[in-house]
Structure formats: structure tokens, C-alpha cells
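Here is the structure we will look at.
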Amino acid sequence: SFEGMGYEEDWSESIGDNCVLDEDAVIPGTPPVDFGSQCLQSVSDDTGYKARADMDYGYGLEQPRTFTTFYCLVEAESLEADEQKNIAVFLDNGRSTVAILRLFKSTEGDLKFRLRRYNNGGWANFDSGAISLDTWYKIQFMYDSSEDLWEWRVHGEVQEGSGALTGVHRSGIRKWRLGFWQASQAETGTIYFDKFSVGVGTYVAD
């Protein structure tokens, strides 16, 4: 969590011009009952674009089997139809991307989460159902290169694309990034994160 003054753990920051990254932000909206009072806020401006916090949770080593959970709330975004903006990323030992979580605006104007995953030597996108502003969503991402399986969930619901890993794919995850970070995505936005956790070992969905 992001309670108290500053970070509870050893996160590193990268903040662009006119952007905001606040680990002591007041929790907006109506959070789940086990939340505290503070969370991580990321605000992206169209000039500076990046406001991100990075965590090396691999304990010095890439982990082949990880189970990531966090909550995300979108307060504002300026996406047009068929535009997207990165809000989180999972990286391997060499900083190659395992998967990216994005905000995506469909051609119908619906805001969605988009999970972009590397597998079989290439990339594929998988979209959630429509999401609403000012609403907390629980995001789960399981990646298991030892058993060649992966899965992502939104509010406990298994999402499109979950299943087998095939061919050439990343061997594990070491680094996690929360917040806006892509220079080519100049759209503005304000998002919040809380209750970030990573587990290893046997997967038990909750």
C-alpha cells in the first residue's frame, strides 16, 4: 500500500515536465473496505507525458512464476477513438517487456483496459469490457513460464486471451512499473493505484 509519508517500499520515480507522481495522494472515489487513506497518483501532461514508479520485486533475480495484483482507478483521460495509453508494464531481467497494461478507447467510444502480451515471438492485444471513470478495478496478472501459462483478470473475471504460452516468450518477470511512461502517447490522464502485491509459488485466485 502507499500509507504514511513517502513509499513503504523501495520504489524509484521518473516524472516529466508538468506531470505529477504522488505516493501520498488521498484515495478518491469509493474504495474497497480494506483500503487505507492514501494511494499512488499518476498525472500525465501532454508535454512531459511520464509519471511512473518502478519496483524491482525480483529479489535480484527474474521470477519465472509471478502473481501480480493491484487496484486501479481512472479519474480522467483525453483518449480519442482507437487511441491507447500505457499505464503499467511487466519487465524481464533484461528489461524486455513481458506485458503492458493500457487504457484503450474503442471506436464506439468505450474506455477499456487493454493487455498487450508478448508470445510466440510476437505481440497480441486483449481488451476488457467497458470500464467507468472514478471506479476502482482489481487487476490480476499471472505469468508462469515454467508451466507455459498466463492469465489476466479484471474484478475476478478471467479476460480474453488467457491460456497457454507458446513458442518464443519471456522467461519471467523482475520489474514492475505503475503509471504513465510512453513518450509517443501525448494524451493526458489521471490515474490512481493501490494495494499492489506480487506473489510467487502456487496460484490461488481470489
Within the 4.5 Å heavy-atom criterion, are [X] and [Y] side-chain neighbours or not?
X: Arg65; Y: Val200; result: no
X: Pro28; Y: Leu73; result: yes
X: Ile139; Y: Thr69; result: no
X: Val98; Y: Arg117; result: no
X: Leu79; Y: Gln84; result: no
X: Leu111; Y: Val74; result: yes
X: Tyr137; Y: Ile131; result: yes
X: Ser1; Y: Glu8; result: yes

Original post:
With the 4.5 Å side-chain cut-off for hydrophobic clustering, are Leu178 and Ile27 part of the same group?
Top reply: no

**OP:** Identify whether Phe90 and Tyr118 are in the same connected component of the hydrophobic contact network (ILVMFWY, side-chain heavy atoms under 4.5 Å).
**Re:** no

Original post:
Pairs in or reaching into residues 85-113: which pass salt bridge (Lys or Arg N to Asp or Glu O under 4.0 Å), with residues at least two apart or in two chains?
Top reply: Glu77-Lys105

With sequence neighbours excluded, tell me which residues meet side chain to side chain donor-acceptor pair (under 3.5 Å) with [X].
X: Tyr143; result: none
X: Asn93; result: Arg174
X: Arg170; result: none
X: Arg52; result: Asp54

On a heavy-atom basis, which atom in [X] and which in [Y] lie closest, and how many Å separate them?
X: Ile87; Y: Phe180; value: CG2-CE2, 3.6 Å
X: Ser128; Y: Val154; value: CB-CG2, 4.3 Å
X: Leu115; Y: Ala99; value: CD1-CB, 4.1 Å
X: Asp22; Y: Asp24; value: OD1-N, 2.8 Å
X: Gly172; Y: Ser145; value: N-OG, 4.2 Å

Remaining members of [X]'s ILVMFWY cluster at a side-chain heavy-atom cut-off under 4.5 Å?
X: Val33; answer: none
X: Val89; answer: Leu91, Ile100, Trp181
X: Val43; answer: Val20

Does [Y] offer a backbone N or O that forms a donor-acceptor pair with the side chain of [X] under 3.5 Å?
X: Thr188; Y: Asp46; value: no
X: Thr66; Y: Ile173; value: no
X: Asn86; Y: Ala88; value: no
X: Glu83; Y: Glu80; value: yes

Original post:
Among Trp150, Phe104, Phe141, whose ring-ring contact (aromatic ring centres under 6.0 Å, His included) with Phe126 holds?
Top reply: Trp150

**OP:** Quickly, which of Tyr57, Tyr7, Phe2 forms a ring-ring contact (aromatic ring centres under 6.0 Å, His included) with Phe196? Name it, please.
**Re:** Tyr57

**OP:** Take Gln140 and Thr68 through the side chain to side chain donor-acceptor pair (under 3.5 Å) test and state the conclusion after the steps.
**Re:** CA-CA 6 Å; Gln140 293 169 287; Thr68 304; over 6 Å; no

Subject >> Under the ring pair (Phe, Tyr, Trp, His ring centres under 6.0 Å) test, residues paired with Tyr192 that sit two or more places apart >> reply: none

Subject >> side-chain contact (heavy atoms from CB on, under 4.5 Å) evaluation trace for Ser171 with Glu62 >> reply: CA-CA 8 Å; Ser171 57; Glu62 181 182 271; 2.5 Å; yes

Please set out all donor-acceptor pairs under 3.5 angstrom arising from side-chain atoms of residues 158-169, sequence neighbours excluded.
unit_1, atom_1, unit_2, atom_2, d
Gln159, NE2, Glu157, O, 2.9
Ser162, OG, Trp152, N, 3.1
Ser162, OG, Gln159, O, 3.0
Thr166, OG1, Asn119, ND2, 3.2
His169, ND1, Gly167, O, 3.0
His169, NE2, Asp148, OD1, 3.1

Can you measure from [atom1] ([X]) to [atom2] ([Y]) and round to the nearest 0.5 angstrom?
X: Asp45; Y: Lys50; atom1: CG; atom2: NZ; result: 13.5 Å
X: Glu23; Y: Leu40; atom1: CD; atom2: CG; result: 7.5 Å
X: Lys138; Y: Cys72; atom1: NZ; atom2: SG; result: 14.5 Å
X: Glu75; Y: Ser42; atom1: CD; atom2: OG; result: 11.5 Å
X: Leu149; Y: Asp144; atom1: CG; atom2: CG; result: 6.0 Å
X: Thr107; Y: Asp82; atom1: OG1; atom2: CG; result: 7.0 Å

Original post:
What ring-ring contact (aromatic ring centres under 6.0 Å, His included) pairs are there with at least one residue in residues 27-55, not counting sequence neighbours?
Top reply: Phe35-Tyr71, Phe35-Trp136

**OP:** Show your working on side-chain contact (heavy atoms from CB on, under 4.5 Å) between Phe70 and Leu101 and close with a plain yes or no.
**Re:** CA-CA 12 Å; Phe70 58 86; Leu101 184 67; 3.8 Å; yes

Original post:
Would Thr190 and Gln41 satisfy side chain to side chain donor-acceptor pair (under 3.5 Å), going step by step from the backbone distance to the final call?
Top reply: CA-CA 7 Å; Thr190 301; Gln41 179 195 49; 5.6 Å; no

Subject >> Qualifying side-chain hydrogen bond (donor to acceptor under 3.5 Å, both in side chains) pairs, either residue in residues 29-38, two or more places apart >> reply: Glu3-Ser37

